[in-house]
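See below for the structure under consideration.
Positions are given from 1 along the sequence.
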Amino acid sequence: MKAVSMINLASVGIFGIILSARFCDIRWTRHKMLFMAGSMSAVMLFQGIACFFTDVYIVKYLYPMITHIPLAIVLCILSGEFIWPLISVLTAYLCCQLRRWFALLVVVTFSGGTIMQSAVELLVTLPLLLLLLRFFAPSVRSISHYTATEKYLFGLVPLLYYGFDYLTVFCAGLLSAGNPAVIEFMPFVCSASYLIFVIRVSKDEQIRIRLEQTQGILNLQMTQAVREIAALRESQQKSSAYRHDLRHHMQYILSCIENKRSEQARAYIRKICSDIEAAKIIIYCENEAANLIFSAFSRRAKNHGIAISIKAAIPQNIPISESDWCVLLSNALENALHACQRLKEKGESGSINVFSYKKNGKLFLQITNSCEENIVFSHGIPVTTNPGHGIGVRSICTIVDHYGGIYTFSVKNGLFILRMSF
């Protein structure tokens, strides 16, 4: 009887040690494996000696001090962390209850006794360990990279069960007395944990959906920006082609005049002028993408009767990819244009001013536009409750943060001011 209990105690010890080690995200080297094996062999040897000279049940009472605490210390040394090894040991202890429950189920079904329980626990140890290592351990290890709050939430149930289990072992009268608060404690923990889990999952799902929606909109914006750049470049190439073919155009016009087809010549001249004007790219700076975007928005602003001033000294080579640069400028100017359009609809005037320069290796960009006075800020960032709006601002913030830059949004004297530097 004692031999079976000792073997069972050793098996559950090995079961818990292996699980605890696999729950920790440790890069196992030969030196670490030898240290782990030597330390745990010493622990198991001490357990065996204690069982031999004392009673097995006494060893169970002392299990936290002679096994769990040394195991947690060893894992802390190997991982270089403090909290997660403790959570790993507690989680492994919780998993040990699976083998106990299977054994108790068999004992109740077949009216067995203590020997049958120990025998069944021994039989299910290896299959259960392999299943947990294969399907459960990788997920637990991934949680070790979560935030401290999430790790604490994960370790809360194992900690409460560990405390409850050992409290009822040391104070056996708590359960035998039938105290409802004690009996219902673990069901309460399960219910509370489930509610926390539901709230957490729901919150994470909402965040995921918002991120997917934002990502989809940003992808559309980037695709549109790239498409606009391609169209502007094509227009620029057409303009260059018109200038190159000027001699042929003049010959055609001269031919029309000589043949007294003046109306045809005037129509042809008007068409060429319209095409050239539509493809006109104003050179504001050295940066080609900036010139294309500034030219496009300048035409749009003038078509809406909005004054726009652009003074830019942007070099060709900047520390931002062309696609991100296009999205950044397009969003900033689009927001400025929309703000001025809203003022125009109310019969008020609107203007846009762009100012940029590079100094000491840093690129500075400021876009100022007329705006309404009811702009709401949250943590220094303008926010809106209108569906589909606010994506441009988040896009600007994301891109600037990605490149380690800084940005500020402010309103002063009826002007909205966006400042960025990289």
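A heavy-atom distance below 4.5 Å is found between the side chains of Leu363 and Ser356. Residues Phe102 and Val106 form no side-chain contact, since every pair of their non-hydrogen atoms from C-beta on lies 4.5 Å or further apart. Between Met420 and Ile396, some side-chain heavy-atom pair lies under the 4.5 Å cut-off. No side-chain heavy atom of Asn335 sits less than 4.5 Å from a side-chain heavy atom of Phe416. No side-chain heavy atom of Phe136 sits less than 4.5 Å from a side-chain heavy atom of Leu19. Proximity of Gln341 to His304: side-chain heavy atoms (C-beta onward) are separated by under 4.5 Å at one or more points. Proximity of Ile406 to Val400: side-chain heavy atoms (C-beta onward) are nowhere separated by under 4.5 Å. Proximity of Ile417 to Gln366: side-chain heavy atoms (C-beta onward) are separated by under 4.5 Å at one or more points.
Closest non-hydrogen pair, Asn287 versus Ile318, comes out as ND2-CD1, 3.9 Å. Closest of all the heavy-atom pairs between Ala301 and Leu337 is CA-CD1, 3.9 Å. What you find for Ile308 and Ser298 is that their closest heavy atoms are CG2-OG, 3.9 Å. When all heavy atoms of Phe422 and Pro319 are compared, the closest pair comes out as CB-CG, 4.4 Å. Closest heavy-atom contact between Gly16 and Leu71: O-CD2, 4.3 Å. In terms of heavy atoms, Ile367 sits closest to Ala336 at CG2-CB, 4.3 Å.
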Go through it in stages, so that I can follow the logic: the residues are Thr67 and Phe46, the test is side chain to side chain contact (heavy atoms under 4.5 Å, CB included), and I'd like the CA-CA distance, side-chain angles, deciding distance and then a yes or no. CA-CA 9 Å; Thr67 302; Phe46 184 77; over 6 Å; no
What do the steps show when you test Ile143 against Phe23 for side chain to side chain contact (heavy atoms under 4.5 Å, CB included), and what is the final call? CA-CA 9 Å; Ile143 298 175; Phe23 288 163; over 6 Å; no
Derivation of the side chain to side chain contact (heavy atoms under 4.5 Å, CB included) call for Leu75 and Ile26: CA-CA 9 Å; Leu75 292 176; Ile26 300 173; 4.1 Å; yes
Step-by-step side chain to side chain contact (heavy atoms under 4.5 Å, CB included) determination, Ser370 to Glu348: CA-CA 10 Å; Ser370 306; Glu348 302 177 22; over 6 Å; no
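The aromatic ring centroids of Tyr93 and Tyr162 lie less than 6.0 Å from each other. In this structure, the ring of Trp84 has its center less than 6.0 angstrom from the ring center of Phe154.
Dense packing is recorded around CG of Asn303, with more than 12 heavy atoms of other residues, nucleotides or ligands lying under 6.0 Å away. The 12-atom threshold is exceeded at CZ of Phe377, counting heavy atoms of other residues, nucleotides or ligands nearer than 6.0 Å. Within 6.0 Å of CZ on Phe409 lie more than 12 heavy atoms contributed by other residues, nucleotides or ligands.
Side-chain atoms of Ser142 come within 3.5 Å of backbone atoms of Ser139 as a donor-acceptor pair (strictly under, hydrogens ignored). Judged by distance alone, the side chain of Asn331 and the main-chain N or O of Val393 form no donor-acceptor pair under 3.5 Å.
With rounding to the nearest 0.5 angstrom, the CG atom of Leu159 is 14.0 Å from the CZ atom of Phe164. A distance of 7.0 Å separates CZ in Arg22 from CG in Leu133, rounded to the nearest 0.5 Å. Rounded to the nearest 0.5 angstrom, Leu365 CG and Lys358 NZ are separated by 13.5 Å. Interatomic distance, NE2 of His338 versus SG of Cys371, reported as 15.5 Å (0.5 Å rounding). Atom CZ of Phe15 is separated from atom CG of Leu132 by 5.0 Å, given to the nearest 0.5 angstrom. Between atom CG of residue Leu94 and atom CG of residue Leu90 there is a gap of 9.0 Å, rounded to the nearest 0.5 Å.
Of the N and O atoms on the side chains of Glu121 and Gln117, at least one donor lies less than 3.5 Å from an acceptor on the other residue. Defined by atom type and a distance below 3.5 Å, a donor-acceptor pair is missing between the side-chain atoms of Ser295 and Tyr284. Under 3.5 Å, the side chains of His402 and Asp324 contain no donor-acceptor pair of N or O atoms.
Applying the side-chain hydrogen bond (donor to acceptor under 3.5 Å, both in side chains) rule to pairs touching residues 29-42 yields nothing, sequence neighbours excluded.
Listed by chain and number, the residues in a salt bridge (Lys or Arg N to Asp or Glu O under 4.0 Å) with Lys359 amount to none (sequence neighbours excluded).
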